[in-house]
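What follows is one structure encoded as C-alpha cells, with my remarks underneath.
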Amino acid sequence: NAYGTIAKQRFVENFSGSVLDTDRWSFNQVRDSPNNSYAMSDSVDGGLVLTTGTSNYAGGSITFGDKRQYSPTGSVIIQVTKVTDPTTSGIEAGFSDHQDGSNIASAADGASMENSHENSYIRLGTAQTGSYTWAVSTIPRTSDWITSKVELKPSSCELSINGVYATTVTETLPTGKSQPIFIPFTYSGAKTASIRYCEAYNT
C-alpha cells in the first residue's frame, strides 16, 4: 500500500489441519443450542464440517467474533462450500454485521449466497436491518462443492458461482462494516455443510 493508504484487509483461510483456528474464528450456537457442532474433516481437502442440531432451522455459525473489517460499499468474499443434502438443509455464506443470529432471514446487515432447500436455485440475499431482499439465480442448488463470490459495491451486490455471473441485488444493501459468516441450517434432522476455503478483502 502507498504511504497514507489504508490496508485492504485481505484474509485467506484454507481450513486445513486438525482443528479450527480459534484465534481467527468464533463458533456460535445460533438455534437449537447446544446441539450444533463443528470438526475438521478427516479427508483430503474436506475442510471444516459444520453439523446442525435436529430441530427445524437449527444451526451454528462461524464468524470473526464480531470483528468487522470489511466495507459495505467495497468488499469481496470468495468461499468454497458444500451442502450434503440441499433438499432438506442448506448454508448461507457471506458477510454479516453480527454473529448471533441467521444472516439474511433475521435482517442483520449483510450479504450472503444461499444454497439450500429454501429454493431450487442458488440465490443471493442482502439485508439492511429491518428488511431484506433475495435474488434467485438460474444455477440449480447442488450437493457438489461450489465456489461462490459475493461482491459488495456502492450501489449493488453481485454473486458469481464457479466463475460465472449469477445474479445482482440493488436493494436493502448493508450499511455497516461486516465479517465473514457461515451458517448451516436444517429442515429435517441433523445435517452437515462444509467449508474448505475463504478469502475476503476490501476493494
Side-chain angles (χ1 to χ4, degrees), residues 8-17 20-21 24-28 30 38 40-41 45-52 59-65 67-72 74-84 86 89-99 102-104 108-116 118-119 121-127 134-135 137 139-153 157-169 174 177-185 191-203:
K8 295 299 185 181
Q9 300 284 0
R10 182 173 180 268
F11 168 82
V12 174
E13 173 67 81
N14 289 302
F15 295 102
S16 60
L20 180 67
D21 185 349
R24 295 179 171 186
W25 296 101
S26 172
F27 178 73
N28 317 285
V30 177
Y38 69 92
M40 301 304 294
S41 174
D45 293 331
L48 180 74
V49 180
L50 295 162
T51 302
T52 72
S61 69
I62 63 166
T63 68
F64 279 0
K67 297 177 179 69
R68 307 176 187 93
Q69 300 169 310
Y70 299 99
S71 168
S75 57
V76 170
I77 185 165
I78 300 168
Q79 54 243 323
V80 180
T81 59
K82 180 179 181 178
V83 178
T84 303
S89 63
I91 190 170
E92 277 189 50
F95 286 125
S96 179
D97 73 341
H98 78 228
Q99 64 181 6
S102 67
N103 192 10
I104 303 306
D109 265 28
S112 292
M113 176 279 304
E114 184 185 84
N115 177 21
S116 81
E118 293 282 359
N119 200 284
Y121 298 90
I122 294 170
R123 59 184 185 169
L124 171 66
T126 59
W134 290 107
S137 76
I139 300 171
R141 65 189 179 197
T142 178
S143 59
D144 295 332
W145 288 103
I146 61 169
T147 300
S148 57
K149 177 183 177 182
V150 175
E151 181 170 5
L152 284 164
K153 299 181 176 182
C157 181
E158 295 182 1
L159 172 67
S160 298
I161 301 293
N162 297 332
V164 178
Y165 168 80
T167 191
T168 298
V169 174
K177 292 181 179 179
S178 298
Q179 63 193 317
I181 190 167
F182 299 91
I183 309 173
F185 53 94
K191 293 295 190 320
T192 62
S194 302
I195 316 145
R196 70 182 185 194
Y197 181 80
C198 173
E199 177 179 351
Y201 55 91
N202 288 313
T203 55

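Keep in mind the model is a prediction, meaning the values are calculated, not measured. The chain is numbered in sequence order, starting from 1.
You'll find the side chain of Trp25 reaches within 4.5 Å of the side chain of Phe182, heavy atoms only. Put simply, the side chain of Ile122 reaches to within 4.5 Å of the side chain of Ile146, judged on heavy atoms. Put simply, the side chain of Val76 reaches to within 4.5 Å of the side chain of Lys149, judged on heavy atoms. Considering only heavy atoms from C-beta on, Ile161 stays 4.5 Å or farther from Ser137 through its side chain. Looking at Ile62 and Phe15, their side chains come closer than 4.5 Å, going by heavy atoms from C-beta outward. Looking only at side-chain heavy atoms (C-beta outward), Phe95 and Pro174 stay at 4.5 Å or farther from each other. Side-chain contact between Lys67 and Gln179 is absent, with no heavy-atom pair separated by less than 4.5 Å.
Atom CD1 of Ile91 is separated from atom NZ of Lys191 by 14.5 Å, given to the nearest 0.5 angstrom. Arg10 CZ to Tyr70 OH: the interatomic distance, rounded to the nearest 0.5 Å, is 9.5 Å. To the nearest 0.5 Å, atoms OG (Ser16) and CE (Met40) are separated by 6.5 Å. Rounding to the nearest 0.5 Å gives a distance of 11.5 Å between CG of Asp21 and CG of Asn14. To the nearest 0.5 Å, the span separating CG on Leu50 from OG on Ser89 amounts to 11.5 Å. Taking CD1 from Ile181 and CD from Glu92, the interatomic distance works out to 8.0 Å, rounded to the nearest 0.5 Å.
Formation of a donor-acceptor pair under 3.5 Å by the Asn115 side chain with backbone atoms of Thr142 is found in this model. Remark: the backbone N or O of Glu118 is paired with a side-chain donor or acceptor of Ser116 at under 3.5 angstrom. A distance-only check finds no donor-acceptor pair linking the side chain of Asn28 to the backbone of Gly60 [under 3.5 Å]. In terms of modelled atom types and a separation under 3.5 Å, the side chain of Thr52 and the main chain of Phe185 share no donor-acceptor contact. Looking at Asp109, its side chain never comes within 3.5 Å of a backbone N or O of Asp97 through a donor-acceptor pair. For Asn202 (side chain) and Gln69 (main-chain N/O), a donor-acceptor pair under 3.5 Å exists by modelled atom type.
Partner Thr126 forms a side-chain contact (heavy atoms from CB on, under 4.5 Å) with one of Cys157, Ser112, Pro72 and no other, that one being Cys157.
Residue-environment remark: CZ (Phe27) exceeds the threshold of 12 foreign heavy atoms within 6.0 Å.
Of all heavy-atom pairs between Ser75 and Thr203, the closest is N-OG1, 3.6 Å. Scanning all heavy atoms of the two residues, the minimum distance from Met113 to Ser148 falls at CE-OG, 3.7 Å. Between Ser61 and Ile183, the shortest heavy-atom contact is CB-CG1, 3.6 Å. When all heavy atoms of Thr168 and Glu158 are compared, the pair lying nearest together is OG1-CG, 3.6 Å. Taking both residues in full, the closest heavy atoms of Val150 and Ala111 are given as CG1-CB, 4.0 Å, listed atom of the first, atom of the second, then distance. Closest non-hydrogen pair, Pro180 versus Ile77, comes out as CB-CD1, 3.7 Å.
Ring geometry for Phe11 against Phe64 counts as perpendicular: the plane angle is over 60°, on a 0 to 90° scale with 30° as the lower cut.
A search for side-chain hydrogen bond (donor to acceptor under 3.5 Å, both in side chains) contacts involving Thr192 returns Thr84, not counting sequence neighbours. Listed by chain and residue number, nothing satisfies the salt bridge (Lys or Arg N to Asp or Glu O under 4.0 Å) test with Asp45 (two or more places apart in sequence, or in another chain). Legend: residues meeting side-chain hydrogen bond (donor to acceptor under 3.5 Å, both in side chains) with Ser160, ordered by chain and number and at least two apart, are absent.
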Checking Glu199 against Tyr197 for the side chain to side chain donor-acceptor pair (under 3.5 Å) test, could you report, in this order, the C-alpha distance in whole Å, the side-chain angles of both residues, the deciding distance, and whether it holds? CA-CA 7 Å; Glu199 177 179 351; Tyr197 181 80; 2.6 Å; yes

Check the pair Ser71 / Leu152 against side chain to side chain contact (heavy atoms under 4.5 Å, CB included), numbers first and verdict last. CA-CA 8 Å; Ser71 168; Leu152 284 164; over 6 Å; no

